[in-house]
**Student:** 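Here it is, the structure, as structure tokens.
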Amino acid sequence: MLLAVDCGNTNTVFSLWDGTSFLGMWRTATDWRRTADQYFVWLDTLIKQQKIVAEITDMIISSTVPRVVFNLRVLADRYFNTRPIVVGKSDCALPIDVRVDEGTIVGPDRLVNTVAGHDKHGGDLIIVDFGTATTFDVVGADGAYVGGVISPGVNLSLEALHQAAAALPHVDISRPSSVVGTNTVDCMQSGVFWGYVGLVREVCARIKAERGVPMKVISTGGLAPLFQQSADLFDAFEEELTMHGLQIIHDYNKKETAQE
């Protein structure tokens, strides 16, 4: 049984894979100070709450926050007696090529999404991930990661607007009923929502023009369902894309090890 961990800048997601399906998925705030013992008590409680019999034998980690990896490694060693695979480390093999400038470090979450996207949809993709940052990952015809675009995330933009302008309140993102707002909250929500719709449409159009080939656009991430309502933006929405990619990378590394 595999424990897959996706640690982002804002949230960390744990999921159990039994070889055929994901049995459960749990989310907690990312905090590098959280100890291995705290992780275990929290996770064990939730697993038992769902009456899942978990015999974890393997663990894989994707983390955009390097400081949390140490305690996750301790969790794997102390409670599951296993050495985790950490995406982005030299001992973690990938089933795809990474074609970027020499010396460039690509975020592990972007590599994982590329692996999963290619497995589900083939090549020539743009994967739009609505996380702390809004990222656009470009997948080549053969599944290689060939670059991308990084923009501020939706909630990050809203928070920056609130902090920088004393008169503007903190608001939650939602699709406004009209473009022109008649109060401050509606104005802010319209600006962010339609601003990001425009961002996605323009960036994807420019990527397609630059690549010169037909490309599918796949959305994922916490706020992706909100923008999925704009039907002309995306060809598909993948809620568990990162977890699927982690499972594929884990299996690939197991096969590589077995062949050595």
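Owing to the predicted nature of the structure, the values given are computational and were not obtained by experimental measurement.
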**Student:** Can you tell me how far the CG atom of Leu94 sits from the OG1 atom of Thr114, to the nearest 0.5 Å?
**Tutor:** 9.5 Å
**Student:** When you measure from the side chain of Asp97 to the backbone N and O of Arg99, does any donor-acceptor pair fall under 3.5 Å?
**Tutor:** no
**Student:** For Leu72 and Met59: C-alpha separation, side-chain torsions, deciding distance, then whether side-chain contact (heavy atoms from CB on, under 4.5 Å) applies.
**Tutor:** CA-CA 10 Å; Leu72 289 172; Met59 186 168 165; 4.3 Å; yes
**Student:** Between Val138 and Gly148, which heavy-atom pair has the shortest distance, and what is it?
**Tutor:** CG2-CA, 4.3 Å
**Student:** Should Thr135 and Val149 count as side-chain neighbours, where that means a heavy-atom distance under 4.5 Å?
**Tutor:** no
**Student:** Is it the case that the side chain of Thr45 and the backbone of Val41 share a donor-acceptor pair, with hydrogens and angles ignored and the cut-off at 3.5 Å?
**Tutor:** yes
**Student:** Is there a path of hydrophobic side-chain contacts, each under 4.5 Å between heavy atoms of I/L/V/M/F/W/Y residues, joining Val139 to Val98?
**Tutor:** no
**Student:** Side chains of Ile60 and Val87: closer than 4.5 Å at any heavy-atom pair?
**Tutor:** yes
**Student:** With a 3.5 Å cut-off and no angle check, do the side chains of Asp251 and Gln247 form a donor-acceptor pair?
**Tutor:** yes
**Student:** Answer yes when Asp232 and Arg201 have at least one side-chain N-carboxylate O distance shorter than 4.0 Å, and no when they do not.
**Tutor:** yes
**Student:** So, His244 and Glu238: side-chain donor and acceptor under 3.5 Å apart, yes or no?
**Tutor:** no
**Student:** State, to 0.1 Å, how close Leu125 and Gly122 come at their nearest heavy-atom pair, and which atoms those are.
**Tutor:** CD1-O, 3.3 Å
**Student:** Indicate yes or no for a side-chain donor-acceptor contact from Thr30 to the backbone of Gly8 under 3.5 Å, with no hydrogens or angles considered.
**Tutor:** yes
**Student:** Would you say Leu2 and Leu111 are hydrophobically clustered, going by side-chain heavy atoms of ILVMFWY under 4.5 Å?
**Tutor:** yes
**Student:** I need the minimum non-hydrogen distance between Ile249 and Pro95, along with the two atoms involved.
**Tutor:** CG1-CD, 4.3 Å
**Student:** The criterion is salt bridge (charged side-chain N to carboxylate O under 4.0 Å, His left out); which residues satisfy it with Asp18, sequence neighbours excluded?
**Tutor:** none
**Student:** Within a strict 4.5 Å, meaning less than it, do heavy atoms of the Val213 and Lys208 side chains meet?
**Tutor:** no
**Student:** Report whether Leu199 and Phe237 are members of the same hydrophobic cluster (ILVMFWY, side-chain heavy atoms less than 4.5 Å apart, transitive linking).
**Tutor:** no
**Student:** Does atom NZ of Lys216 have more than 12 heavy-atom neighbours from other groups under 6.0 Å away?
**Tutor:** no
**Student:** Considering the options Asp129, Thr64, Asp137, which one meets the side chain to side chain donor-acceptor pair (under 3.5 Å) requirement together with Arg110?
**Tutor:** Asp137
**Student:** Within 45 degrees of the axis of the six-membered ring of Phe14 and under 6.0 Å from its centre: does Arg27 put its NZ or CZ there?
**Tutor:** no
**Student:** Write down the atom of Ile127, the atom of Gly117, and the distance for their closest heavy-atom approach.
**Tutor:** CD1-CA, 4.0 Å
**Student:** Give me the atom names and distance for the closest heavy-atom approach of Leu226 to Arg175.
**Tutor:** CD1-N, 3.7 Å
**Student:** Begin with the C-alpha distance, continue with both residues' side-chain angles, and end with the deciding distance and a verdict on side-chain contact (heavy atoms from CB on, under 4.5 Å) for Thr12 and Arg34.
**Tutor:** CA-CA 11 Å; Thr12 300; Arg34 186 171 287 118; 5.9 Å; no
**Student:** Spell out, as yes or no, whether a donor-acceptor pair under 3.5 Å connects the side chain of Asn253 to the backbone of Ala93.
**Tutor:** yes
**Student:** Assess whether side-chain hydrogen bond (donor to acceptor under 3.5 Å, both in side chains) is satisfied between Glu239 and Thr220, documenting all intermediate values.
**Tutor:** CA-CA 6 Å; Glu239 183 178 9; Thr220 190; over 6 Å; no
**Student:** Within the side chain of Thr82, is there an N or O that forms a donor-acceptor pair under 3.5 Å with the backbone of Ala76?
**Tutor:** no
**Student:** I want to check something: taking the side chain as every heavy atom from C-beta on, are Ile47 and Leu23 in contact at a cut-off of under 4.5 Å?
**Tutor:** no
**Student:** To the nearest 0.5 angstrom, please state how far the CD1 atom of Ile218 sits from the CG atom of Leu241.
**Tutor:** 8.5 Å
**Student:** Heavy atoms, side chains only, cut-off 4.5 Å: are Val200 and Phe136 in contact?
**Tutor:** yes
**Student:** Side-chain contact, heavy-atom cut-off 4.5 Å: Ser219 with Phe227?
**Tutor:** no
**Student:** At what distance, to the nearest 0.5 angstrom, does CD of Glu240 lie from OG of Ser15?
**Tutor:** 6.5 Å
**Student:** Among residues two or more places apart or on two chains, list those pairs meeting side chain to side chain donor-acceptor pair (under 3.5 Å) that have a residue in residues 70-81.
**Tutor:** Asp37-Arg78, Asp37-Tyr79
**Student:** Could you check whether Glu210 pairs with Arg206 (Lys NZ or Arg NE/NH1/NH2 to Asp/Glu carboxylate O, under 4.0 Å)?
**Tutor:** no
**Student:** What's the separation between atom NZ in Lys48 and atom CG in Leu43, rounded to the nearest 0.5 Å?
**Tutor:** 11.0 Å
**Student:** Tell me yes or no: between the side chains of Ser151 and Thr134, is some donor less than 3.5 Å from an acceptor?
**Tutor:** no
**Student:** State yes or no: do Tyr252 and Ile61 share one hydrophobic cluster built from I, L, V, M, F, W and Y residues joined by side-chain heavy-atom distances below 4.5 Å, directly or via other members?
**Tutor:** no
**Student:** Would you call Trp32 and Cys7 a side-chain contact if the rule is heavy atoms closer than 4.5 Å?
**Tutor:** no
**Student:** Show, in sequence, the C-alpha distance, side-chain angles and deciding distance for His121 and Asp235, and conclude whether the side-chain contact (heavy atoms from CB on, under 4.5 Å) test is met.
**Tutor:** CA-CA 10 Å; His121 299 280; Asp235 295 293; over 6 Å; no
**Student:** Applying a strict under-4.5 Å side-chain criterion to I, L, V, M, F, W and Y, I'd like to know whether Met188 and Val154 cluster together.
**Tutor:** yes
**Student:** Is the backbone of Asp101 close enough, under 3.5 Å, to the side chain of Thr104 for a donor and an acceptor to pair up by distance?
**Tutor:** yes
**Student:** Rounded to the nearest 0.5 Å, what separation is found between the CD1 atom of Ile207 and the CD atom of Glu202?
**Tutor:** 10.5 Å
**Student:** For Asp58 and Met1, run side-chain contact (heavy atoms from CB on, under 4.5 Å): C-alpha distance rounded to whole Å, both residues' side-chain angles, the deciding distance at 0.1 Å, then the answer.
**Tutor:** CA-CA 6 Å; Asp58 296 86; Met1 185 172 287; over 6 Å; no
**Student:** Do the rings of Phe130 and Phe234 sit parallel, tilted or perpendicular, given the 30° and 60° boundaries?
**Tutor:** perpendicular
**Student:** Any side-chain heavy-atom pair from Leu246 and Asp6 closer than 4.5 angstrom?
**Tutor:** yes
**Student:** How long is the straight-line distance from OG1 of Thr132 back to CG of Asp109, given to the nearest 0.5 Å?
**Tutor:** 9.5 Å
**Student:** Decide salt bridge (Lys or Arg N to Asp or Glu O under 4.0 Å) for Arg67 and Asp31; before the verdict, give the C-alpha distance in whole Å, the side-chain angles of both, and the deciding distance to 0.1 Å.
**Tutor:** CA-CA 9 Å; Arg67 296 180 76 178; Asp31 184 353; over 6 Å; no
**Student:** Going by distance alone, is a donor N or O of one side chain under 3.5 Å from an acceptor N or O of the other, for Trp26 and Gln50?
**Tutor:** yes
**Student:** Restricting to non-hydrogen atoms, name the atom on Ser190 and the atom on Pro176 that form the minimum distance, rounded to 0.1 Å.
**Tutor:** CA-CG, 3.6 Å
